[in-house]
Amino acid sequence: MAEILSLREAVAALVRPGDTVAMEGFTHLIPFAAAHEVIRQGLTDLTLVRMTPDVIYDQLIGMGAARKLVFSWGGNPGVGSLHRFRDAVENGWPRPLELDEHSHAGMANRYVAGASRLPFAVLRGYRGSDLPSRSDTISTVRCPFTGEELAAVAAVNPDVTVIHAQRADRAGNVQLWGLVGVQKEAALAAERVLVTVEEVVDELDPRPGAIVLPSWSVHAVAVAPDGAHPSYTAGYSVRDNDFYQAWDPISRDRDTFLAWMRAHVLEAA
Amino acid sequence: MAEILSLREAVAALVRPGDTVAMEGFTHLIPFAAAHEVIRQGLTDLTLVRMTPDVIYDQLIGMGAARKLVFSWGGNPGVGSLHRFRDAVENGWPRPLELDEHSHAGMANRYVAGASRLPFAVLRGYRGSDLPSRSDTISTVRCPFTGEELAAVAAVNPDVTVIHAQRADRAGNVQLWGLVGVQKEAALAAERVLVTVEEVVDELDPRPGAIVLPSWSVHAVAVAPDGAHPSYTAGYSVRDNDFYQAWDPISRDRDTFLAWMRAHVLEAA
Amino acid sequence: MTWTSDELMTVNAARALAGARTCFVGIGLPSAAANLARRTIEPGLVLIYESGTLGSKPARLPLSIGDGELADTADAVVSVPEIFNYWLQAGRIDVGFLGAAQVDRYGNINTTVIDRGPGRPEGRLPGAGGAPEIAASCGKVLMVLRHSRRNLVERLDFVTTVGHGSGPGDRARLGLPGAGPVAVITDLGVLRPDPETAELVLTELHPGVTAEQAREATGWKLRVAPDPGVTRPPAPAELAALRELSDRGAADA
Amino acid sequence: MTWTSDELMTVNAARALAGARTCFVGIGLPSAAANLARRTIEPGLVLIYESGTLGSKPARLPLSIGDGELADTADAVVSVPEIFNYWLQAGRIDVGFLGAAQVDRYGNINTTVIDRGPGRPEGRLPGAGGAPEIAASCGKVLMVLRHSRRNLVERLDFVTTVGHGSGPGDRARLGLPGAGPVAVITDLGVLRPDPETAELVLTELHPGVTAEQAREATGWKLRVAPDPGVTRPPAPAELAALRELSDRGAADA
């Protein structure tokens, strides 16, 4: 059953140095507040998993929290590069970053396999691509009925998955709606699940398009209002596109980046 | 794009003798009206696919429409046997019925593979069971990462899938809610999709728990009010449990069954 | 207060759910037991039905696993593939509660076909439904069925669902993650697998039932525990809750 | 009326969607083109974004593929695994519209890494995203990118996404069901695969552009069709629609 904790307590209880951590949310509902708490608690040596690393992982990578990144598209959507990600990969700053790189279809299916507790998933993918040459988690299987060779991707089972949702009830049942991305799969694939929410309410009245994660599939819920900013929470906020554009110059330079993180993350909270 | 047709036109246009037909709906939203129209149009030699054959296939089988049944649980839920199904299997009346028999998990995954246009799906299933010895559509695959042997089930791709839904809009977009079962997968696995609906409305206002099948994934929509009876349509009707219990004596005897079908199906509509 | 043997069976089946958090519920007797447990011994019990409902709280006994009330009262409704893949197969569910047509001494189940002898066609049973994977993946399995030589047989005509296979170690060898059957509750008493041999042994009798009656009603040479317990008689509150559930179900059906 | 070369490119990219029913839309230039098509030549065009939206009808250009408006205006919103498995992989989508960092003469795409020469670390690009499977499974592929020797290269540093592989027959050999790239729209003109060789050939030039300019801006020895067409200048309605879309996007961003 989910415990309702402060964000600080929840991160301290569920995230450990060296963990494989997935913070999911496909553009929508990205758990920035939790990521900032991870940075403040000085957790490091993380393997970070996310289809789209986005600014959230640019920040974690730039602060040296990650030793490895598992992903499928690492840009600043609609803006350009993730400069901290590039700097880590190209120059090893602040530390080298190992990569395991997939397509979106492959990553989505790795989470599906993880949520299903199967060791792998099958897709018609990667054909002719050089991607398999750089990954140990892409292989092939042959259909026992037709003989067709298909791609196999290894399940991903994070130690912890962190997601942001609109709300939870007092029992810790979690409700989210809008673009639901791959959050259910990422949460169910993990050993431990941390959900930040905009608010805790008495009752989760049904909402169109909503999914519910029952309390017994979640380990901790923490209230973090606007906890997805600069991403957004449908029904509570809109995407701060200005911030995503502003991130480009902030993140381009190491010192500017560090100063920004000091002012807005380390000394905040 | 879905055409909005009469039920008679829709069945005539989409269902052909010898077709593999899936009429899905897990207890809820079972498309009885369409099945009755299939019987009235004298379609025969069908391969019928359904996780739970239920009374709907008991009727089709008893009327001799089917040459084969693909299924995973063939009882009258909460009541007892499906007598027409048993009579066909045990005594070949009114004609022999070939079986391809699975577990629910296997059938659900066969539809998932069909909807994904993969030739097979993987599950941790059937271990130690005699079921694989009687089916050509159960095999094994080995995980290329862990070496674990898992069950493989062949995709099911019906010629036609028929489902019942709450409503459609005038463009043929279909909306259903409540227990959504395996309907999306069954529809997307098929070559042709027929949806009967309670009503056609101007606008599909969003509903909690609803899924939408876009018009361009559906071939025909036909209005059939109460078209799931004696099953039900959440928001429109409740399950006619009395009928399911009454079906037991009606279906136990061949002549009683035929008389009932004549009066309520063949001479109805 | 008096009670029927079916009531004895259901009350004891409900008691077997003490301590369970989540239960994958088969229709019929298991559903009655699981709903009774939620009203008596385990109010927080999460009921999961293969129709895709997580946390159903029906006020009456559903006739089918797809009655509307199961969805209307659930914490979440998901698709059928999801319930089997993400919830059952993933090993999230504590107890699988099954009925059965034929059970053998190792708790294996046949719900597929009955051999009716040479020259006669096989008798048809409903089929597997969710059982093979429920019995494989749940933390443990409970079964409830009426005690008779027809139901508890020397040899299954067909293995639909594996309990303990042919004995200890078989589940591990087959790669079945859960612990398998831990109790079979009948209208005569309770059978549990011997920890050494995995064979079902009569460990408890319902009040007024003798070990001889149980032996008589079992298709294999039933072993009886040295000093079989006697189950507690149904408490008035248990009986009242069961009758209220059943009446509502009956009134509605 | 005057226009920029980017406007020429986008208007022509939108025109290439004439007759399409469904389009899997990449972010950036493809999204601008697909949204313009929905406002001009193909009002019924169903826009599908990898964030899980089917039938988005945004009033402004989204900055990301996950802007809230894409979900709010969609016919249906589904999960990311579903959009890739049930909709894209299943072959339900007519056109995949992609941007690219590097494209070779066979329409293969690199969006992964750039070789910067010996002793220097690879330059990092964003990665594959949805492209490999979009290019594999859609009925056909359109690409839109700015014409330069950096973008249109003799040899890819890495094959992220297969267009026509190394020539005719390669898609079939690899088991790629769709027809692959049918046009690459740039700010100088339009390249299409030669039906015999699958090599991209300049078949159209935008008004005021010469074949020499296109050759200069291409990293391989670009073949030019014997009598290359000239694209129609943007109609006032096209330009107005494009500028309205962009202004709204810009005002909002």
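All of these numbers come straight from a predicted model, not from anything done at the bench. Residue numbers start from 1 in every chain, and the chains themselves are labelled A, B, ... in the order their sequence lines are given, proteins ahead of strands.
Distance check, rounded to the nearest 0.5 Å: CZ of R127(B) to CG of L174(C) gives 8.5 Å.
Counting heavy-atom pairs closer than 4.5 Å to chain B, the top residue among I134(C), L70(C), L88(C), V162(C) is V162(C). Taking chain B as the reference chain and counting heavy-atom pairs below 4.5 Å, the highest number among R120(C), R116(C), R173(C) is found for R116(C). Between chain C and the residues E148(B), E185(B), H102(B), R134(B), the most heavy-atom pairs under 4.5 angstrom are made by R134(B).
Here the side chains of V77(C) and L179(B) are in contact, with some heavy-atom distance below 4.5 Å. The shortest side-chain heavy-atom distance between V182(B) and P81(C) falls under the 4.5 Å cut-off. Under the 4.5 Å side-chain criterion, counting only non-hydrogen atoms from C-beta, E101(B) is in contact with T112(C). At least one side-chain heavy atom of F158(C) sits under 4.5 Å from a side-chain heavy atom of L131(B). Residues V78(C) and V180(B) form no side-chain contact, since every pair of their non-hydrogen atoms from C-beta on lies 4.5 Å or further apart.
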Exercise. In sequence, state the C-alpha distance, the side-chain angles, and the governing distance for L63(C) and Q245(B), and then conclude on side chain to side chain contact (heavy atoms under 4.5 Å, CB included).
Key: CA-CA 10 Å; L63(C) 182 69; Q245(B) 287 173 316; 3.9 Å; yes
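Within the 4.5 angstrom heavy-atom criterion, only side-chain atoms of R239(B), from C-beta onward, approach chain C. With a 4.5 angstrom heavy-atom cutoff, L99(B) touches chain C only via side-chain atoms. Of the two parts of N85(C), only the side chain, counted from C-beta on, holds a non-hydrogen atom closer than 4.5 Å to a non-hydrogen atom of chain B. A105(B) touches chain C through backbone and side chain together, each having a heavy atom under 4.5 Å away.
For a heavy-atom cut-off of 4.5 Å, chain C lies close to M51(B) in residues 49-66 of chain B. Residues of residues 80-91 of chain B placed with any heavy atom under 4.5 Å of a heavy atom in chain C are listed by number as F85(B), R86(B), V89(B), E90(B), N91(B).
Between the side chain of E133(C) and the backbone N or O of R124(B) there is no donor-acceptor pair closer than 3.5 Å. Between the side chain of D130(B) and the main chain of V159(C), a donor-acceptor pair closer than 3.5 Å is present.
Here K184(B) does not pair with E82(C) in a salt bridge; the nearest charged N to carboxylate O distance is not below 4.0 Å.
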